[in-house]
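Quick notes on the structure that follows.
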Amino acid sequence: MPDSPASAPIASALIAWYRDHARDLPWRREEYLARYGAWGVLVSEFMLQQTPVNRVIPHLEAWLARWPDPLSLAAATPAEVLQQWANLGYPRRALWLHRAATAIRDEHAGVTPRDVPALLALPGIGDYTARAVAVFAFGDRHPVVDTNTRRVIARVVHGRAQPDPPSRRDLDDMLALLPDEPGDAAVVNAATMELGATVCTARRADCARCPLADLCAWRAAGFPDGEDRRRRQAKYEGSDRQARGGALRALRHAEGHRLPADAVLPDWPDAIQRDRAIDSLIADGLLEAADGELLLPR
DNA sequence: AAGCCGTGGGC
DNA sequence: TGCCCAAGGCT
């Protein structure tokens, strides 16, 4: 039962739509949740941070087959973890996930915590991931805010093409849509994300397939453009990020062997930038230097 | 708090 | 073809 009269139709429409249109994703299956529990949800959410669903799925299954619980992951080395992370991107996430497993072992008796503050205290877990675990793994009632829910709420509720920059108000906006019953609230969270991922996307709002079309403030207002506050990503070609990515890729392909520093990015045109990238990887704990050679951290 | 952090696919 | 985007988090 929705707790706010204005939001009740939105929640009801989302719940009905989700029942028929939710994608069959691994972390939504009963067997998955029964087998891996909250840890499985936590791992999936780590991988889904800025990496598309379809690229995550095969990596997630391989990862959990190798490390099905926090204790097994905590027993691995960073090198093994980075190797298994492969080309998922943002390899510091792999390190954080490993450190989170260690913290769960050492501070939570090996049991994935349920409380949002305890989840927030784990490395690599912020507002989104903490609440996603609490809601999708434990069924608790919290607002789950990600790029999809922010865009959907900007359009449906506020009548704007794009969301404002992230702020604490996003949590209140999402909370205002949630029914009182925790199970229903969890579905509304998931359905809002799903709608943003598949129907009301950044590139296009497919109103013909949208269960909220008749309730949508942006559509009612005639799809005003508004002001586009999005910040452009820095150019990747020739960036430090590209250099870091290349260096780490070389070490992954070295299959556990060490490489001389000048063999890690052999054809990189800017030696200053190359050294800066390698130094920053070492500072981040993604690389280790030993006897003038480089290797994945032990 | 604005910028940084990988990687690949779609338009 | 380059640019935009992706279930964010950290500093």
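Naming: A, B, ... by sequence-line order, numbering from 1 per chain. What you see below is based on every heavy atom in this structure, not just the backbone, and it leaves out hydrogens, waters and symmetry mates.
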Proximity of A:Phe223 and A:Trp218 rings by center, below 6.0 Å: yes
Sugar-phosphate, base or nothing in reach of A:Trp85, heavy atoms under 4.0 Å: nothing
Sugar-phosphate only, base, or nothing, as touched by A:Leu88 at under 4.0 Å among non-hydrogen atoms: base
Touch class at under 4.0 angstrom, heavy-atom based, for A:Leu120 against every strand present: nothing
DNA chain B contacts made by residues 233-241 of chain A, counting heavy atoms under 4.0 Å: A:Tyr236, A:Arg241
Sugar-phosphate, base or nothing in reach of A:Ala202, heavy atoms under 4.0 Å: sugar-phosphate
Under 3.5 Å donor-acceptor, A:Asp291 side chain and A:Glu293 backbone: no
CA sep, side-chain torsions, deciding dist, call: A:Trp27, A:Ile57, side chain to side chain contact (heavy atoms under 4.5 Å, CB included): CA-CA 9 Å; A:Trp27 45 91; A:Ile57 290 173; 4.0 Å; yes
Sugar-phosphate only, base, or nothing, as touched by A:Pro91 at under 4.0 Å among non-hydrogen atoms: sugar-phosphate
Salt bridge (charged side-chain N to carboxylate O under 4.0 Å, His left out) partners of residues 148-159 of chain A, not counting sequence neighbours, each pair once: A:Arg150-A:Asp170
Aromatic plane relationship, A:Trp63 with A:Trp67 - under 30° parallel, 30 to 60° tilted, over 60° perpendicular: perpendicular
A:Arg209 side-chain N/O to A:Thr198 backbone N/O, donor-acceptor pair under 3.5 Å: yes
Contact boundaries on DNA chain B for chain A, cut-off under 4.0 Å to non-hydrogen atoms: B:dG3 to B:dG10
A:Arg23 atom CZ, over 12 foreign heavy atoms within 6.0 Å: yes
Touch class at under 4.0 angstrom, heavy-atom based, for A:Gly126 against every strand present: sugar-phosphate
Donor-acceptor pair, side chain of A:Thr149 and main chain of A:Thr192, under 3.5 angstrom: no
Touch class at under 4.0 angstrom, heavy-atom based, for A:Arg203 against every strand present: base
Nucleic acid contacts of residues 46-70 of chain A, taken as heavy-atom distances under 4.0 Å to DNA chain B: A:Gln50, A:Thr51, A:Arg55
Sugar-phosphate, base or nothing in reach of A:Arg23, heavy atoms under 4.0 Å: base
Side-chain donor/acceptor of A:Gln49 to backbone N/O of A:Gly124, under 3.5 Å: yes
A:Asn189 side-chain N/O to A:His142 backbone N/O, donor-acceptor pair under 3.5 Å: yes
Spacing of the P atoms in C:dG2 and B:dG6 (rounded, Å): 24 Å
Given DNA chain C, 5'-ward residue of the pair A:Ile125 and A:Ser44, judged by closest heavy atom: A:Ser44
Sugar-phosphate, base or nothing in reach of A:Arg252, heavy atoms under 4.0 Å: sugar-phosphate
Spacing of the P atoms in C:dA7 and B:dC11 (rounded, Å): 15 Å
Donor-acceptor side-chain pairing of A:Arg93 and A:Thr51 below 3.5 angstrom: yes
Positional range of nucleotides in DNA chain C within the contact set of chain A, heavy-atom, under 4.0 Å: C:dC4 to C:dC10
Salt bridge flag under 4.0 Å for residues A:Arg168 and A:Asp127: yes
Lys/Arg N to Asp/Glu carboxylate O, A:Glu31 vs A:Arg29, below 4.0 Å: yes
C:dT1 to B:dT7 separation - P atoms, rounded to the nearest Å: 23 Å
Modelled atom types, side-chain donor and acceptor of A:Asp173 and A:His158, under 3.5 Å: yes
Sugar-phosphate, base or nothing in reach of A:Arg28, heavy atoms under 4.0 Å: base
Members of residues 33-41 of chain A that approach DNA chain B, where some heavy atom sits under 4.0 Å away: none
Sugar-phosphate only, base, or nothing, as touched by A:Thr129 at under 4.0 Å among non-hydrogen atoms: sugar-phosphate
Test: A:Glu194 and A:Arg28 ion pair at under 4.0 Å: yes
N/O donor-acceptor pair under 3.5 Å between A:Asp284 side chain and A:Leu286 backbone: no
